[in-house]
Amino acid sequence: MSEDKYREEEDKTQLLIRTAHCEMPNLAKIVNCLITDGADALPEKCHMLPGIPVEPMLANPTKGVSEILTRFEDLEFTSEYKYDGERAQVHLMDNGTMRIYSRNLENNTSKYPDVIDKIRQCFSPEVKNFIIDAEAVAYDIEAKRILPFQVLSTRKRKNVENGDEVKVQVQLFAFDLLYLNDKPYVTKPFHTRRAALHKHFTPQEGSLAFATSMDANSVDEIQAFLDKSIEDSCEGLMIKTLYQDATYEIANRSKKWLKLKKDYIEDGGLGDSFDLVVIGAWYGQGKRTGWYAAYLLACYNEDEEEYQAICKVGTGMTNEFLKDSNEFFAKHLSESGKKAYYRTTESSKPDVWFEPVQVWEIKAADLSISPAYLAGVGEVHPTKGISLRFPRVLRIRDDKKPDEATSSSRIAEMYSAQPLVQQNGPPRR
DNA sequence: CTTGACTGCCC
DNA sequence: ATTCTGC
DNA sequence: GCAGAATGGGCAGTCAAG
């Protein structure tokens, strides 16, 4: 066999195995098939089947609408709302059993008996089996409004009884169809899968909706749709090719979709950014062993003249930044440990405390009510403070003194300005 | 029985 | 989740 | 461009201590 021919065969075998593993993530079965029947038998013996979870398609972040146009060039694509919930892969098996799997292929069926009951009303009897891809989102049925991720996460996770009163209602936002009536759809282009999804399923208020989408491809239209998605309490957009390079074949490329969130956009400083004081650090793991690897950050409360911890940060730093910061803060250790004017809880106590000497600009996706941090305590909640979701370092702000850091009142204001807080009010209790 | 630390899984 | 880095 | 390895907040669930 020639060198080229050998490589080709090797690539083919690898793709067969990868595909089988995505569609039937069961190594024992795959190895067994390889031993007894060979790789060529994999498509027949280890293929997608309702009841068995499938590796979900993921998305790459993009920094703006222009990057989307560059990446997809002349391909036609669609934009969809990116809902802030939990990935839900919904299966119907031949025997009528339904299952729901998470993004990491965990069986979440016992978490969602109510959702499964409701979804049964959303397809007709000629639908014998399927796998659909959806986002499970906390939902206020009376107000017909999406609720925050933080609400969804308070749902019970195990042994939710069907008769139980479920405190957090969930609506599914379906966006893809991977299998229907004994036929895999993953090799079909997205426009076909989406059309079949819309044809065979019927949305019902409070149970099932289709992800809001828009097919136009101009910069202005996408930008407007992104703005609208934020107003409508979503995280941003998912961008997906419709015709070419539009299959759901994870083995080829697991991140074929793009995602666009407001906080990714560098240009113009869109998205929330904060100027925060570094007041402590933790030692790291693995390649960061022996280094200050995560830093405790605080905002400034002007009334109390104190620094209130708001979050940790350990990403967004280059190796050079990490090294420089280690050298710098080693010179600014607090001899007395925690300062009297540092407001923190026991649960967010760093390995070392620093003097308040440097301000970092931090980017985040959202602000949340926190059990662990005390930023703005008393301003939106009597005993809890505010923290940041997905914090990362942007840069050092040497032009700002520590007491010029973002104020706690500004933090509280930004918390309250979030669309979901505006619509639903501050959390109770 | 209650509390708090820890784990595993969501993002 | 986000980000950086080595391949 | 991708995979791997660092790192984030926060929840229910678990289990041992009090």
Side-chain angles (χ1 to χ4, degrees), chain A residues 18 56 58-63 67 70-71 82-89 100-108 110-112 135-138 148-160 167-168 170 234-236 250-256 258-259 261 263-266 271 274 276 281-297 309-323 325 345-350 360 362-375 384-395 415 427 429:
Chain A
R18 288 166 70 112
L58 302 175
N60 269 322
T62 54
K63 294 186 185 308
E67 187 184 342
T70 315
R71 289 245 223 160
K82 184 179 191 304
Y83 296 89
D84 193 7
E86 182 179 7
R87 195 78 175 259
Q89 195 179 86
I100 294 185
Y101 289 96
S102 76
R103 168 189 162 135
N104 295 314
L105 313 188
E106 298 286 328
N107 191 335
N108 271 350
S110 73
K111 177 176 176 179
Y112 289 123
E135 190 80 2
V137 182
F149 177 79
Q150 232 180 337
V151 170
L152 178 68
S153 63
T154 64
R155 258 184 83 105
K156 273 190 73 180
R157 293 173 192 179
K158 298 188 159 175
N159 311 314
V160 178
K167 287 206 185 79
V168 178
V170 162
C234 287
E235 292 186 289
I250 311 294
N252 294 331
R253 227 168 54 244
S254 61
K255 293 182 172 177
K256 267 198 266 204
L258 302 179
K259 53 181 167 181
K261 295 170 48 167
D263 56 290
Y264 296 162
I265 296 173
E266 282 173 345
F274 307 83
L276 302 169
W282 286 263
Y283 292 105
Q285 307 263 308
K287 59 190 178 188
R288 291 192 189 172
T289 301
W291 295 73
Y292 303 145
Y295 293 82
L296 180 60
L297 303 172
I310 183 166
C311 69
K312 284 200 268 183
V313 69
T315 192
M317 302 170 287
T318 61
N319 286 342
E320 187 192 12
F321 184 104
L322 200 64
K323 179 168 171 284
S325 298
T345 64
E346 200 55 32
S347 65
S348 50
K349 195 175 153 205
W360 287 359
I362 301 296
K363 176 100 95 166
D366 284 306
L367 299 90
S368 57
I369 296 294
S370 172
Y373 297 96
L374 294 170
K384 291 182 176 180
I386 293 165
S387 188
L388 303 181
R389 191 182 189 196
F390 312 142
R392 59 267 197 188
V393 175
L394 287 186
R395 61 187 176 120
Y415 172 83
R429 245 187 317 160

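Protein chains get the first letters and strands the later ones, always in sequence-line order, with residue 1 at the start of each.
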So [X], base contact, sugar-phosphate only, or nothing? Heavy-atom distance under 4.0 Å.
X: A:Lys111; value: nothing
X: A:Asn60; value: sugar-phosphate
X: A:Lys255; value: nothing

Residues which pass side-chain contact (heavy atoms from CB on, under 4.5 Å) with [X], listed by chain and number, not counting sequence neighbours:
X: A:Leu367; result: A:Asp272, A:Phe274, A:Ile386, A:Leu388, A:Ile411, A:Met414, A:Tyr415, A:Gln418
X: A:Ser347; result: A:Thr345, A:Ala372
X: A:Glu346; result: A:Lys349
X: A:Pro371; result: none

In chain order, what residues pass the salt bridge (Lys or Arg N to Asp or Glu O under 4.0 Å) check against [X], with sequence neighbours excluded?
X: A:Arg155; value: A:Asp114
X: A:Lys255; value: none
X: A:Lys384; value: none

On DNA chain C, which is the earliest and which the latest nucleotide, 5' to 3', with an atom closer than 4.0 Å to a heavy atom of chain A?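 First and last nucleotides in contact are C:dA1 to C:dT5.
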
Could I get the full list of side-chain hydrogen bond (donor to acceptor under 3.5 Å, both in side chains) partners for A:Lys111, not counting sequence neighbours? A:Glu86

Those residues that, when tested against A:Arg389, pass side-chain hydrogen bond (donor to acceptor under 3.5 Å, both in side chains) (two or more places apart):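 For A:Arg389 the side-chain hydrogen bond (donor to acceptor under 3.5 Å, both in side chains) partners, ignoring immediate neighbours, are A:Asp84, A:Asp366.
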
With rounding to whole Å, what would you report as the distance between B:dG8 and C:dA1 at their C1' atoms? 15 Å

Each nucleotide in nucleotides 4-11 of chain D should get exactly one letter: B, S or -. Can you fill that in based on protein heavy atoms under 4.0 Å? -SSSBSSB

How close or far is atom P of D:dG1 from atom CG of A:Leu258, stated in whole angstroms? 11 Å

Quickly work out the A:Asn108 CG to D:dA12 P distance and round it to whole Å.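 Between P of D:dA12 and CG of A:Asn108: 15 Å.
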
Could you state the interatomic distance from OG (A:Ser254) to CG (A:Leu58), rounded to the nearest 0.5 Å? 5.5 Å

Along DNA chain B, first and last positions that approach a heavy atom of chain A under 4.0 Å: B:dG8 to B:dC11

Heavy-atom side-chain proximity of A:Glu135 to A:Leu152 below 4.5 angstrom: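 A:Glu135 vs A:Leu152: side chains apart.
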
